[in-house]
Amino acid sequence: MARVVIVTGGTRGIGEAISLALKEDGFTVAANYAGNDERAKAFAERTGIAVFKWDVSSPEACAAGVSAVEQGLGPVDAVVNNAGITRDGTLLKMSYDDWKEVIDTNLGGCFNMAKATFAGMKDRKWGRFVNIGSINGQAGQYGQVNYAAAKSGIHGFTKALAQEGARFGITVNAIAPGYIDTDMVAAVPADVLSKIVAKIPVGRLGQAHEIARGVAFLCSDNAAFITGSTLSINGGQHMY
Ligand code: CAA
């Protein structure tokens with residue numbers, strides 16, 4: 001029977017490419033989304049992938065969302081924690097809400113999703129978590145104390161949960177994307193972005209499918225001996 005994977009933030013940007021790659025590799029995919037109903041509906045019609053709406057920053061919503069996926073598609077074997085937001089601004093201009101929303105969504109979402117799915121994977125002795133970190137969690141980024149802290153937290157979360165999951169056949173890994181051609185990166189002011197791109201040795205933004213293939217590999221049986229690791233996919237911008 002096909003394995004079931006949840007991709008949070010799975011209907012847009014990098015998440016959309018991950019949902020498609022995992023479907024191509026034979027998973028039954030549940031693509032979670034939080035906001036844009038119209039875009040999610042169009043995604044479901046175009047791809048045949050089931051979509052489920054909940055806010056990953058809420059523990060209760062994650063528990064209810066996972067339960068809905070399990071009722072519709074079966075037990076959850078893998079989770080790709082991809083949902084993430086930015087609220088960029090220098091520290092003095094950043095509000096407490098900007099801080100909290102980013103931490104609760106980007107990092108809290110990983111905790112909430114693991115809480116709702118880890119026990120089932122443990123019982124069935126197989127599981128995969130792939131957490132989407134960021135180059136900015138590894139290197140920091142001007143104007144992103146919230147995002148860099150959350151993404152850096154994801155890398156620590158990954159290494160800790162990997163130690164807990166190993167003896168149950170559950171691997172936990174992270175991918176640290178660099179600057180990828182998505183709406184999120186397009187929102188960076190053009191003059192700032194061109195300076196960033198100038199520092200990428202490969203000389204261009206990454207494409208979403210270049211992240212997605214890494215995720216699909218980490219979710220496969222072939223990656224069973226890889227756990228607690230971070231795969232940097234950033235065009236050489238930060239060699240870590
Ligand atoms: N290092 C040092 N100084 C910097 C700097 C940097 N990297 N960037 C800007 N500054 C300086 C500016 O030169 C300016 O100095 P002066 O006042 O002396 O001229 C000062 O800091 C203020 O800069 P801004 O005018 O840019 O400040 P702002 O408040 O208008 O904007 C900002 C701040 C919103 C953070 C803006 O700089 C910005 O959007 N930066 C990009 C942040 C970024 O890369 N976000 C990534 C989003 S995509 C993503 O996160 C995905 C992923 O995982 C990679």
Side-chain angles (χ1 to χ4, degrees), residues 7-19 21 32-36 56-57 80-110 113 129-159 173-215 218 229-240:
V7 182
T8 67
T11 65
R12 300 175 51 191
I14 292 175
E16 172 171 2
I18 293 170
S19 294
N32 150 269
Y33 72 103
N36 194 329
V56 297
S57 73
V80 181
N81 281 310
N82 166 74
I85 57 171
T86 52
R87 297 283 183 271
D88 292 355
T90 50
L91 177 78
L92 296 179
K93 291 182 193 164
M94 188 179 286
S95 68
Y96 179 70
D97 284 349
D98 292 337
W99 165 262
K100 189 167 161 43
E101 279 173 35
V102 169
I103 298 290
D104 288 354
T105 302
N106 299 12
L107 181 57
C110 294
M113 287 303 298
F129 288 94
V130 181
N131 303 319
I132 304 300
S134 169
I135 186 174
N136 294 348
Q138 298 171 310
Q141 170 62 34
Y142 187 99
Q144 281 200 313
V145 294
N146 50 3
Y147 187 89
K151 292 296 189 179
S152 187
I154 285 178
H155 296 302
F157 175 89
T158 298
K159 292 177 202 175
N173 291 290
I175 287 194
Y179 281 73
I180 309 300
D181 190 6
T182 59
D183 291 348
M184 184 185 273
V185 166
V188 174
D191 56 325
V192 177
L193 188 58
S194 63
K195 284 186 199 143
I196 291 171
V197 174
K199 289 188 190 147
I200 303 175
V202 168
R204 62 171 174 86
L205 294 175
Q207 295 299 315
H209 72 84
E210 294 175 305
I211 304 300
R213 287 316 323 169
V215 174
L218 291 172
S229 74
T230 296
L231 177 59
S232 297
I233 306 181
N234 62 29
Q237 189 184 349
H238 181 64
M239 300 186 185
Y240 184 75

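When a ligand or atom number is given, it counts from 1 through the structure's own listing order. As the structure is a computational prediction, the values presented were derived from the model and not from experiment.
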Below a 4.0 angstrom heavy-atom separation, can you tell me which part of K151, side chain or backbone, both or neither, approaches ligand 1? neither

Checking contacts here: is it the side chain or the backbone of I196 that comes within 4.0 Å of ligand 1, counting heavy atoms only? Could be both or neither. side chain

May I ask you to decide if [Y]'s main-chain N or O and [X]'s side chain share a donor-acceptor pair within less than 3.5 Å?
X	Y	value
K151	I132	yes
N32	G9	yes
S57	T105	no
N146	R87	yes
D104	G108	no

Roughly how far, to the nearest 0.5 Å, is the CE atom of M94 from the CH2 atom of W99? 8.0 Å

Tell me, which protein residue and heavy-atom name are nearest [atom], and how many Å apart are they?
atom	result
atom 33 (C) of ligand 1	T90 CG2, 4.3 Å
atom 50 (O) of ligand 1	Q144 NE2, 3.0 Å
atom 42 (C) of ligand 1	D88 OD2, 3.5 Å
atom 36 (C) of ligand 1	V192 CG2, 4.6 Å
atom 48 (S) of ligand 1	V185 CG2, 3.8 Å
atom 51 (C) of ligand 1	Y147 OH, 3.4 Å
atom 9 (C) of ligand 1	Y142 CE2, 3.5 Å

Do [X] and [Y] come close enough that some side-chain heavy atom pair is under 4.5 Å?
X	Y	answer
M113	N81	yes
I14	T182	yes
Q237	Y179	yes

Under 4.0 Å from any heavy atom of [X], which atoms of ligand 1 are there?
X	value
T86	50 (O)
K93	28 (P), 29 (O)
G143	35 (C)
V188	41 (C), 45 (N), 46 (C), 47 (C)
Q141	42 (C), 43 (C), 44 (O)
S134	52 (C), 53 (O), 54 (C)

Run the side chain to side chain donor-acceptor pair (under 3.5 Å) check on Q138 and S232 step by step: do they pass? CA-CA 9 Å; Q138 298 171 310; S232 297; 3.1 Å; yes

Hey, is [atom] touched by any protein heavy atom at less than 4.0 Å?
atom	result
atom 3 (N) of ligand 1	yes
atom 18 (O) of ligand 1	no
atom 44 (O) of ligand 1	yes
atom 31 (O) of ligand 1	no
atom 25 (O) of ligand 1	no
atom 12 (C) of ligand 1	no

Could you report the tightest heavy-atom contact between P201 and K199, atom names first, then the distance? CD-O, 3.2 Å

Nearest heavy-atom neighbours spanning A21 and R213: CB-NH1, 3.6 Å

I'd like the name of whichever of P189, G178, G206 reaches closest to atom 38 (C) of ligand 1 through any heavy atom. P189

Before you tell me yes or no, could you show the steps for N82 and T8 under side chain to side chain donor-acceptor pair (under 3.5 Å), namely the whole-Å CA-CA distance, both residues' side-chain angles and the distance that decides it to 0.1 Å? CA-CA 5 Å; N82 166 74; T8 67; 5.4 Å; no

